[in-house]
Amino acid sequence: MLRTIYALCAIIAVFANAHAQAASIEYNATCYTAPNDSYAAMQAQFLQRNPGRSAEQFQQRLSEDTFNAMRRDINCRWIVYQHDGVYIGGFALIPRNVEGPLPVIIYNRAGHGPTGAVNFDQLVNELRPLAEAGFMVIGSQYRGGGGVFPQMPNGTDEYGGADVLDVLALPSVAAQIADIDEQRIGLLGRVRGAMMSFLAAKAQPNTFKAIASAVTISDLNAWVNDWGAEHHPASRFIPNFVTDGEAQMRARSAVQWVDELPANLPILLIHGGRDWEVDRAQSEQFAAALEAAGRQHELTIYSHANHQLAPYQDDFITDVIAFFRANL
């Protein structure tokens, strides 16, 4: 079992060093295309896709002034980059009219395969405030996650295997499409994306300066056991799961290798007190392990928040921005 863990870590580290700077941009286009080119068109699509919902409900989620300000102040991009023999879909939000090289937040999404892929609604309603605060935001759909053209080989999601390389390639991608400060790159992950953040930080300890982690999966074995392996996506996406699943999950569980994380890496953990999908113990036990290892960290539990951190989404954004302003 330990040999499997060390082998996986070694493979990621070797390929990280070899390929992290080898990404090439194959597609780079604005996000503001129909129906996302105007507020009226977006509202019309919302009403068409959501029978029974009202224009007022759409306007409560996103005001016309907010959308117009985003179009004016933020360069929104859909991207495809190629590395490691595969084409990876991604996205970027680049603040306009900000002087000097930009600090970067790499956003690692939740989900598996194409499920949970970041869409325009998420860019506008979840990630936009980070760009408004002066950070370039960039992220990957991961291999196997779509966002590429049909003729482009997209690879297969390994749920924390070779797909970690897709995250490690993003500093290179960011530097090709914006003026960035390569000494100020942070990681923001949710659920599976939190797992990806810690795997990336271990693989390249000198690249990332801070991690904000929401609904952290620190012990994949425990989470899969909570669901039952037959119901959890890890059993479908992790290679050799049937014969080597326990060891593969341990290799993806940061609580198992806290001592291998960079000693000077600030970490913010945020979890909902009423998250019935991922137990808050995932974050609490990880915080205890970080404490025992003498790692700099902060744990915030929103007492009544659910899996989506509702109704604390505004608090979440405020806390994440404050954290990255202090640590990037």
Side-chain angles (χ1 to χ4, degrees), residues 29-78 89-98 105 107-111 114-139 141 145-147 188-193 212 214-215 270-278 300-325:
T30 181
C31 301
Y32 302 123
T33 55
N36 301 317
D37 55 341
S38 75
Y39 188 78
M42 288 178 62
Q43 179 172 282
Q45 183 189 60
F46 172 84
L47 295 174
Q48 181 183 32
R49 290 182 173 179
N50 299 276
R53 305 289 292 276
S54 67
E56 289 74 19
Q57 288 173 307
F58 176 81
Q59 292 159 13
Q60 288 173 357
R61 181 165 171 79
L62 177 68
S63 72
E64 186 169 8
D65 287 345
T66 296
F67 175 74
N68 290 336
M70 177 179 175
R71 287 209 59 175
R72 181 188 67 235
D73 298 332
I74 299 173
N75 183 8
C76 180
R77 316 298 297 178
W78 294 121
F91 50 88
L93 298 176
I94 308 168
R96 306 184 199 269
N97 305 318
V98 176
I105 296 175
Y107 178 70
N108 295 318
R109 68 170 181 89
T115 300
V118 171
N119 57 31
F120 187 74
D121 180 77
Q122 289 172 276
L123 294 178
V124 172
N125 290 300
E126 298 177 19
L127 300 180
R128 167 187 49 81
L130 302 174
E132 289 177 339
F135 299 97
M136 176 185 182
V137 182
I138 189 168
Q141 307 287 24
L188 169 62
R190 293 179 65 108
V191 199
R192 178 264 179 91
V215 193
I270 295 177
H271 215 111
R274 294 186 177 179
D275 187 338
W276 312 129
E277 295 187 46
V278 179
T300 298
I301 302 292
Y302 300 142
S303 60
H304 291 77
N306 63 15
H307 185 61
Q308 303 301 329
L309 300 180
Y312 293 79
Q313 291 98 331
D314 290 344
D315 300 88
F316 171 68
I317 289 296
T318 298
D319 290 345
V320 166
I321 290 173
F323 172 76
F324 281 124
R325 280 179 170 164

How far apart are the closest heavy atoms of [X] and [Y], and which atoms are they?
X      : Y      : result
Ala305 : Pro311 : CA-CD, 4.5 Å
Pro35  : Gln45  : CG-NE2, 3.1 Å
Gly134 : Pro95  : C-CG, 3.9 Å
Gln59  : Tyr39  : CG-OH, 3.3 Å
Ala214 : Phe316 : CB-CE1, 3.7 Å

Within a strict 4.5 Å, meaning less than it, do heavy atoms of the [X] and [Y] side chains meet?
X      : Y      : result
Met42  : Phe120 : yes
Phe58  : Leu47  : no
Val191 : Glu277 : no
Leu62  : Asn125 : yes
Arg96  : Arg71  : no
Trp78  : Leu123 : yes
Gln141 : Arg109 : yes
Met136 : Ile105 : no

Straight-line distance of [X] [atom1] to [Y] [atom2], nearest 0.5 Å:
X      : Y      : atom1 : atom2 : value
Phe91  : Cys76  : CZ    : SG    : 10.0 Å
Glu132 : Thr66  : CD    : OG1   : 7.0 Å
Cys31  : Asp37  : SG    : CG    : 12.5 Å
Ile301 : Tyr312 : CD1   : OH    : 11.0 Å
His307 : His271 : NE2   : NE2   : 8.0 Å
Leu130 : Ile321 : CG    : CD1   : 5.5 Å

Item to check | side chain to side chain contact (heavy atoms under 4.5 Å, CB included) evaluation trace for Val320 with Phe135 | outcome: CA-CA 12 Å; Val320 166; Phe135 299 97; over 6 Å; no

Checklist entry - Arg190 and Leu309: side chain to side chain contact (heavy atoms under 4.5 Å, CB included), yes or no, with the steps? => result CA-CA 11 Å; Arg190 293 179 65 108; Leu309 300 180; 3.9 Å; yes

Item to check | Flag, side chain of Gln43 to backbone of Ala40, donor-acceptor distance under 3.5 Å | outcome: no

Checklist entry - Looking only at atom types and distance, does a side-chain atom of Arg274 sit under 3.5 Å from a main-chain N or O of Asn306, one as donor and one as acceptor? => result no

Checklist outcome for this item: The side chain to side chain contact (heavy atoms under 4.5 Å, CB included) partner of Ile94 among Ile138, Asn75, Ile74 is Asn75

Item to check | side chain to side chain donor-acceptor pair (under 3.5 Å) between Glu126 and Gln313, worked out | outcome: CA-CA 9 Å; Glu126 298 177 19; Gln313 291 98 331; over 6 Å; no

